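In what follows, a single structure is set out as C-alpha cells and then discussed.
The structure displayed is predicted, hence computed values, not measured ones.
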Amino acid sequence: MSRFQVYRAALPEVCSADPRRMVFTADAEGRCEICTWDTATRRSRRVTDRPGGTLHGAIDRDARIWWFDEDARGVGQWRHQAFTGGPDRPGLTGVPDGTARGLAVIGGPIATIGIGLDDSTTIRIGRRGGPGREVTRVEGPAALAGIAPSGDLLALTRTADSPAAVTLLTPDGTVVAVLPGDGPHGRLWALGFAPTGPRPTLLLVREHEDRYLLATWTPAGGAVAHDWCAFDTQITARWYPDGHSVLIRQDRYGRSLLHRAHLDDRTLTPVPTPPGTLLDAAPRPGGDLHTLWTDTTHPPTMTSSTGTPLPPLGTVTGHVPGTVRDIRTPGPDGPVHTLLSLPEDGTGPHPAVFLVHGGPADHDRDAYDGTVHSLVASGFAVARVNYRGSTGYGPSWQRAYRDGVGHTQVADLAAVHADLTARGLIRPDATGLWGTSWGGYLVLLALGTRPGLWRAGVAVKPVADYAAAHAAGTVALRALDERLFGGTPDQVPARYAHSSPIRYAARVRDPLLVVAATHDTKCPAQQVRSYLGALDAAGARHESLWLDSGHDGYDGGDHMTVLRRAVLFLDRELRPPRRPAPRGEGSSAPHRSALNH
C-alpha cells in the first residue's frame, strides 16, 4: 500500500434504505476503481474500469452507484449505474464538464451536483438522469455541502474564512441565510444536514478563540455554537442516523480521538479507540459503528462494532519493520512534533530521510505509510515533521508563518534536523528530503535556501515558481495562494518572490530528483520546466522524471515508479558504496536498498 492509498482510504458508503448494500474504492489491477459490496452475500462487483482509475464514488437511497468520470486534469461528469449492474447513465444532462464539487441525492430521486468551472462553480438540480437546472452560479471555488432530506434547502460552502463561508438557499436559488467565516466569530465549515427530524438542521464546525466548536443551524434559530462541545485541535463530524447526536473525530498530535456529542442533553462522551489514526469513522443504522484504523506498523483495518461483514482491504504480508518515537523539538511557537521511524538493528546514528507532508493544511499521522515502510526496510531513519502550518495542533499553530510562507516550515525542518543530530539519532552527512505537492515545494525551497544541510532531495509534483503556478493553476489553488500571501503576485510580488524556489535555484548544491506530471493543474508542468532550466543554467546536479498523469493520479503503477526511482536515488546519494578496505583490514559491503531485492 502506497502513501497515496493510505491518505485516500475511506469507509464504504452505505445505502440508507438497504444498509446491506455499499460502495467503496478498491485496488483493481493497480488502479483505484469503484466497487460494490453486498454484506448478505459477501460479494463485491467492480463498477468502473477506467485507464486512469476512479476515486469519487457514492450510493443513493435507491442503491444506484454514482462515480465521477474524469480525465487526467480532474475534469468530467457524474455518472450512475444500478447496484446489480447495467448501462452507465449520466447523472444529470446538460451539465458542463468540470471538476467534482459535491453530490447529494435524495428521495424522488432528486440529484444535486456541484461542478467547478474555470472561474466559477455551478450547482445543478434535477431528477436522476434528467436535465440539470442551474440553481446558482458563484464566482470562485465553492462546493455543495448537502441537501436537506425534505429537499427544500441546499448548503453551499466557500472558503472557511470568507464573508459567505456557508450559504443556505432553496432549489429555486433564493438565498435563505449567509453565514460568515470572517470577523470575530472565526472560520466556519459545513458538514451536512441531519438525516431525520422535523426541521432541517445543518451541522457546522466553528473556529473561535483558538478552539473548534461544534455548531448547528436551523431556519428558526439560525447558527448556534455549542460552547460545551469545544476542542483544542481540528475536528470533523458526522450525524448519527437518529439525527440527535454526532460522532466527532479529532486529529490531535498525529493521532485520533473519537467522541459522541448528544445535542439534546448537551453531553460529550469518549468513544474508545486504540492509539493510532482513524482514517475514517461512521455511525450506521442499528447502532453499528464502522472504523478504518491504522498506525505506523499496522496497515489499515476496517471494523464493524456489531460484526457486519465489510469488504476486505488490500494489505501487506509479514512484519512491518521499524520502531516509532515521538520527538518534540523546542521552537518559537511551541514544540515541533516529529514521528521518527528507526530501523530495528539498534545501531545509530542512521542515514535519514525527512518525509515532508503537503497541504499545507494537513499533517503526518501515526499511520501506515508504504513509503516509510520501504525506506526503513532499506536502512533509513524516517522523520515525519508536523511543521508550523500543519493541522492537528490547533488554530494558532496552523496560522504561525512568522518567517514567511515556506521559510517558516523550512526553519522547523532545520531545527528538527539539528535536534535529531544532537541526540545521535541521524547522520547529518547522510540526510535527505522527500516531499510531494506542497511538500515537494518545501524540498526545493530547503535545498535552495540552506544548501549543504541536506545531502539530497526528491520533489514530486512541486510548486517551483510560485507566481507562475498561481497564473496557471486552478481557481481554488489561486484562492489558497492569495490567503497565504495576502494578495496576488501583482499585488504583493515581493512576497511571492521571497518564497519561490526558482529564486534560489542557482544556490542548489545537493543532488535533486524532480518528478512532475504533464497534465498537472495544481502544480503545472511549465513552471517545473522553468525551474529545471534554472538548475541547468546553474550547473546543479539533478534528474527529472515525467509522468503522463495529473496531480492526483489514481494509478498505482505511477506511484510504484516514483517510489522505486526515489528510494534508489536516495540510496545512491546518501549511502555511496564504500571502497574495499586493504587486505587484512576487513571490508564492508554496501547496503542494498530493499527495492533491489
Side-chain angles (χ1 to χ4, degrees), residues 353-356 358 404-407 409-411 413-414 417 428-473 477 481 489 493-551 558 561-576:
V353 176
F354 279 56
L355 205 56
V356 188
V405 175
H407 294 278
Q409 290 68 42
V410 169
L413 295 172
H417 180 281
D429 63 332
T431 299
L433 291 164
W434 181 350
T436 299
S437 192
W438 211 74
Y441 154 70
L442 293 179
V443 170
L444 299 184
L445 190 65
L447 294 187
T449 58
R450 299 177 187 241
L453 182 59
W454 289 276
R455 300 307 173 91
V458 177
V460 182
K461 302 178 184 178
V463 176
D465 180 339
Y466 236 124
H470 179 277
L477 266 294
D481 294 345
R495 294 180 188 175
Y496 280 81
H498 176 61
S499 295
S500 187
I502 199 168
R503 177 177 182 175
Y504 309 98
R507 297 178 57 189
V508 173
R509 296 291 179 268
D510 308 293
L512 175 61
L513 170 63
V514 178
V515 180
T518 55
H519 305 294
D520 196 330
T521 58
K522 296 180 180 179
C523 298
Q526 186 53 50
Q527 52 98 34
V528 177
R529 291 191 178 97
S530 298
Y531 180 83
L532 293 174
L535 292 180
D536 286 333
R541 188 156 68 90
H542 65 280
E543 303 174 14
S544 61
L545 170 65
W546 286 89
L547 303 174
D548 186 23
S549 68
H551 192 78
D558 283 348
T561 296
V562 174
L563 179 65
R564 180 178 295 275
R565 178 75 175 268
V567 172
L568 293 178
F569 171 82
L570 292 168
D571 195 53
R572 183 184 73 229
E573 298 299 338
L574 300 180
R575 282 193 306 227

Report summary line: Residues pairing under salt bridge (charged side-chain N to carboxylate O under 4.0 Å, His left out) where one sits in residues 524-543, two or more places apart or in two chains, turn out to be Arg541-Glu573, Glu543-Arg565, Glu543-Arg572

Report task. Scan for salt bridge (charged side-chain N to carboxylate O under 4.0 Å, His left out) pairs involving residues 429-457, sequence neighbours excluded, and state none if there are none. Result -> Arg427-Asp429

Report task. Take Thr449 and Tyr504 through the side chain to side chain contact (heavy atoms under 4.5 Å, CB included) test and state the conclusion after the steps. Result -> CA-CA 6 Å; Thr449 58; Tyr504 309 98; 3.9 Å; yes

Where is the tightest heavy-atom contact between [X] and [Y], given as atom of each residue plus distance?
X	Y	result
Ala566	Leu513	CA-CD2, 3.9 Å
Ala414	Leu453	CB-CD2, 3.8 Å
Ser499	Leu445	O-CD1, 3.9 Å
Ala538	Ala506	CB-CA, 3.6 Å
Ala505	Ala534	CB-CB, 3.7 Å
Leu444	Ala459	CD2-CB, 3.6 Å

Query raised in the report: Who pairs with Trp438 by ring pair (Phe, Tyr, Trp, His ring centres under 6.0 Å), at least two apart in sequence or on another chain?
Result: Tyr441

**Report entry** Worked verdict on Val458 versus Leu433 for side chain to side chain contact (heavy atoms under 4.5 Å, CB included)
**Finding:** CA-CA 6 Å; Val458 177; Leu433 291 164; over 6 Å; no

Under 3.5 Å donor-acceptor, [X] side chain and [Y] backbone:
X	Y	result
His407	His498	yes
Ser549	Ala517	no
Lys522	Lys461	no

Query - Student check: side-chain heavy atoms of Ser530 and Ile502 closer than 4.5 Å - result: yes

Query raised in the report: Do Leu545 and Val460 have side chains that get closer than 4.5 Å, going by heavy atoms?
Result: no

Distance in Å, [X] [atom1] paired with [Y] [atom2], rounded so as to fall on 0.5 Å steps:
X	Y	atom1	atom2	value
Ser500	Asp465	OG	CG	4.5 Å
Tyr466	Gln527	OH	CD	10.0 Å
Leu570	Thr431	CG	OG1	11.0 Å
Leu413	Gln409	CG	CD	8.0 Å

Query - Option among Asp520, Val515, Thr518 that satisfies the side-chain contact (heavy atoms from CB on, under 4.5 Å) test with Leu547 - result: Val515

Query - Stepwise side chain to side chain contact (heavy atoms under 4.5 Å, CB included) test for Phe354 and Trp454 - result: CA-CA 9 Å; Phe354 279 56; Trp454 289 276; 4.0 Å; yes

Query raised in the report: Which of parallel (below 30°), tilted (30 to 60°) and perpendicular (above 60°) describes His470 and Tyr496?
Result: perpendicular

Query raised in the report: Does a side chain donor of either His551 or Ser437 reach within less than 3.5 Å of an acceptor in the other side chain?
Result: yes

Query raised in the report: Given the rule in the side chain to side chain contact (heavy atoms under 4.5 Å, CB included) test, do His542 and Val514 qualify, once you have shown the distances and angles that lead to the verdict?
Result: CA-CA 8 Å; His542 65 280; Val514 178; 5.6 Å; no

